[in-house]
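Inspection log for the structure reproduced underneath, given as structure tokens.
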There are 2 protein chains.
Amino acid sequence: MILKNISVDCVIFGFQNNKINVLLWQAEPGLLEKFLTTAQAYEESKVIFEKNPALKSDKFWGLIGTHLPTDEDLDNYAKKILKVSTGLKDIFLKQVQTFGNKNRVPHYRVLTVAYYALINPEYHNLELSSIAKSVKWFEIDKLPDLIFDSKEIVFSALKKLREEVQYHPVGFHLLPEKFTLTQLQTLYEVILDKKLDTRNFRKKIQNMELLIDTNKKQTNVAHRAAKLYKFDVSIYNRLKEEGLNFRI
Amino acid sequence: MILKNISVDCVIFGFQNNKINVLLWQAEPGLLEKFLTTAQAYEESKVIFEKNPALKSDKFWGLIGTHLPTDEDLDNYAKKILKVSTGLKDIFLKQVQTFGNKNRVPHYRVLTVAYYALINPEYHNLELSSIAKSVKWFEIDKLPDLIFDSKEIVFSALKKLREEVQYHPVGFHLLPEKFTLTQLQTLYEVILDKKLDTRNFRKKIQNMELLIDTNKKQTNVAHRAAKLYKFDVSIYNRLKEEGLNFRI
DNA sequence: CCAAAAGTGTTAGACCTACACCCATGA
DNA sequence: TCATGGGTGTAGGTCTAACACTTTTGG
């Protein structure tokens, strides 16, 4: 059984071509089989699809999500959606907000609990293939037409990320395991939409002692190869609790 | 009609006797009439009450809230709950999080969208009288037994407040319109659970230029009377957007 | 040897921390 | 005149902002 009045949607962010990207899908009842494990849940969801032409149109894209099955914990189910749509677990995932205006979805009263996830680019192409026809990355400033109030949800999630990134070390989740300081700086510049001073940025980062030099370097670049860093998990965990000050 | 799977609960914070207080109630179907305007919504809610003995017990207290009627916007309905339970509008109110573990409420699958509100002490006694027998302030560290996972919700809201207060000028909503710097400092000390240095605190606050001297003073105090300040609404609005750094 | 990005240090000003005494008021 | 809390300044250290050139690499 599913809860007809509640959906769980994930705003999945990636960082590619120096842009924030969002993973969207064109949901089809066929795809839902991946999520909804009982035949009944699947049938119930399908009925909802039939009633909303926008859900089936090729013109509209939507956030990855489904209605919440009655036998699933909320946070866990968001994780499950991520796992199925990207093939990944242990992804950074956080509840954004619940959207509940009464006319946000035509024909039904649906509250959407929105989450945002941050995906490491090493995994951007993994597993998407299995449901690839209708799942696609879009640059945040070139979003297609989105169903219902999904655009509002995406920008609320982005706003939340932008806030979060200033006070907690979450941005790192958008980078590969080993990254250069320039990649990190560009990431912050893109999220905060602001140019940063390279020397000051490096000093600030290095004072946090969050980064570990891997003693490796980029290869095959037509310029001086940059050092690769990873981040120190224990200091990361401490900073996550205590907060940090990244107002640069 | 109400949405049986969704409730809206408010964690209402006040600041009294130099403690954070929370407004709780012992809900009775009778009280619900104040919220649920159609007879049908009222009846449906009553049935839910009948099934959960904890809801009716005198031993347990709960957060102020009800199930969400189908014809109410989510955020607006939270405001309405506040209005009815405290008699006040234009209160600071913010969504905290949605709680959705599957067994958090016995017998039903209910997701709770939690909000927190900050109440100015000038209004602490206003209007409570109308439903007074079952609505009461409790100090945060002397909470009674709470139904379901309400205690977890209260502490999540407190954690959110504690974070919020460091980066946005929200704490002021817990003070009367005119307040002294010592009151403000005590408020921050209580929320952050940390002693602050008076001289440094005052310098920091005054540098923000958020406070306006009202040219008034306390009266009838057995010590030097403190100046009364209010805060500057335009600077408040700017800081609310830009954020501030109150990590003291 | 050229193009491209990596990497680096200093200075001036702002802000933060720690710390102790006098002032105004009502009882 | 006493008890109570209100109110203030300074010095040392740390953090921030602004700023330009040299290094390394592959082609």
Side-chain angles (χ1 to χ4, degrees), chain A residues 15 17-18 165-167 169 175-176 178-190 192-230 235 239 242-248, chain B residues 15 17-19 165-167 169 175-176 178-190 192 194-230 235 239 242-248:
Chain A
F15 181 60
N17 313 320
N18 293 340
V165 111
Q166 296 182 64
Y167 307 121
L175 293 175
K178 292 174 189 148
F179 51 86
T180 68
L181 291 177
T182 304
Q183 281 178 293
L184 184 60
Q185 181 177 341
T186 308
L187 174 63
Y188 274 90
E189 288 180 342
V190 168
L192 300 176
D193 194 22
K194 198 200 278 195
K195 275 277 159 212
L196 305 176
D197 178 279
T198 305
R199 277 177 286 192
N200 294 336
F201 178 84
R202 285 167 181 241
K203 260 178 292 179
K204 182 143 192 178
I205 287 286
Q206 273 153 356
N207 280 345
M208 279 180 204
E209 302 187 306
L210 179 57
L211 298 191
I212 300 175
D213 188 341
T214 64
N215 294 314
K216 297 203 171 119
K217 290 190 170 194
Q218 286 178 314
T219 49
N220 292 315
V221 285
H223 54 77
R224 178 171 175 177
K227 282 182 158 185
L228 292 167
Y229 293 86
K230 59 183 180 177
I235 295 185
L239 291 177
E242 286 175 15
L244 53 80
N245 205 359
F246 220 122
R247 317 208 57 199
I248 35 184
Chain B
F15 181 59
N17 313 320
N18 293 340
K19 295 269 167 82
V165 112
Q166 295 182 63
Y167 307 121
L175 293 176
K178 292 175 189 146
F179 51 87
T180 69
L181 291 177
T182 303
Q183 281 178 294
L184 184 61
Q185 182 177 342
T186 307
L187 174 64
Y188 275 91
E189 287 180 339
V190 168
L192 300 176
K194 202 200 276 194
K195 274 275 158 215
L196 305 175
D197 179 279
T198 305
R199 276 177 285 194
N200 293 339
F201 178 85
R202 286 166 180 243
K203 260 179 291 179
K204 183 143 192 176
I205 289 287
Q206 273 154 357
N207 279 344
M208 278 179 203
E209 302 186 309
L210 179 55
L211 298 193
I212 301 175
D213 188 340
T214 63
N215 294 314
K216 299 207 169 116
K217 289 191 170 191
Q218 285 178 314
T219 49
N220 294 313
V221 285
H223 53 77
R224 177 171 176 177
K227 282 183 158 185
L228 293 167
Y229 293 86
K230 58 183 181 176
I235 296 186
L239 291 178
E242 287 176 12
L244 53 81
N245 207 359
F246 219 121
R247 317 207 56 199
I248 34 184

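Throughout, protein chains are lettered first and strands after them, A, B, ... in sequence-line order, and every chain is numbered starting at 1.
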Spacing between B:L211 atom CG and D:dG6 atom C1', to the nearest angstrom: 16 Å
N or O in side chain of A:T182 less than 4.0 angstrom from C:dA5 OP1/OP2: no
Test item: A:M208 and A:P169 side chains (from C-beta on) under 4.5 Å apart, heavy atoms: no
For atom CD of A:Q218 and atom C1' of D:dT23, their distance in whole Å: 15 Å
Euclidean distance, atom CZ of residue B:R202 to atom P of C:dC16 [Å, nearest integer]: 17 Å
Residues forming a side chain to side chain donor-acceptor pair (under 3.5 Å) with B:T186, sequence neighbours excluded: none
Rounded interatomic separation in angstrom, taking NZ from B:K204 and C1' from C:dC16: 8 Å
Atom pair distance, as rounded to whole Å: CD1 in B:I205 and C1' in D:dT8: 16 Å
Gap between atoms CZ and P, on A:F179 and C:dA6 respectively (whole Å): 14 Å
By side chain to side chain donor-acceptor pair (under 3.5 Å) - contacts of B:K178 (at least two apart): none
Atom pair distance, as rounded to whole Å: CG in A:L228 and P in C:dA5: 17 Å
By salt bridge (charged side-chain N to carboxylate O under 4.0 Å, His left out) - contacts of A:K227 (at least two apart): A:D213
Sugar-phosphate, base or nothing in reach of B:T180, heavy atoms under 4.0 Å: nothing
Contacts of A:Q166 that satisfy side chain to side chain donor-acceptor pair (under 3.5 Å) - sequence neighbours left out: A:R247
Under 4.0 Å protein heavy-atom contacts per nucleotide of nucleotides 19-27 of chain C, with B for base, S for backbone only and - for none: BB--BBBS-
Salt bridge (charged side-chain N to carboxylate O under 4.0 Å, His left out) partners of B:E209, counting only residues at least two apart: none
Nearest-Å distance for atom pair CZ/P, residues B:F201 and C:dT17: 13 Å
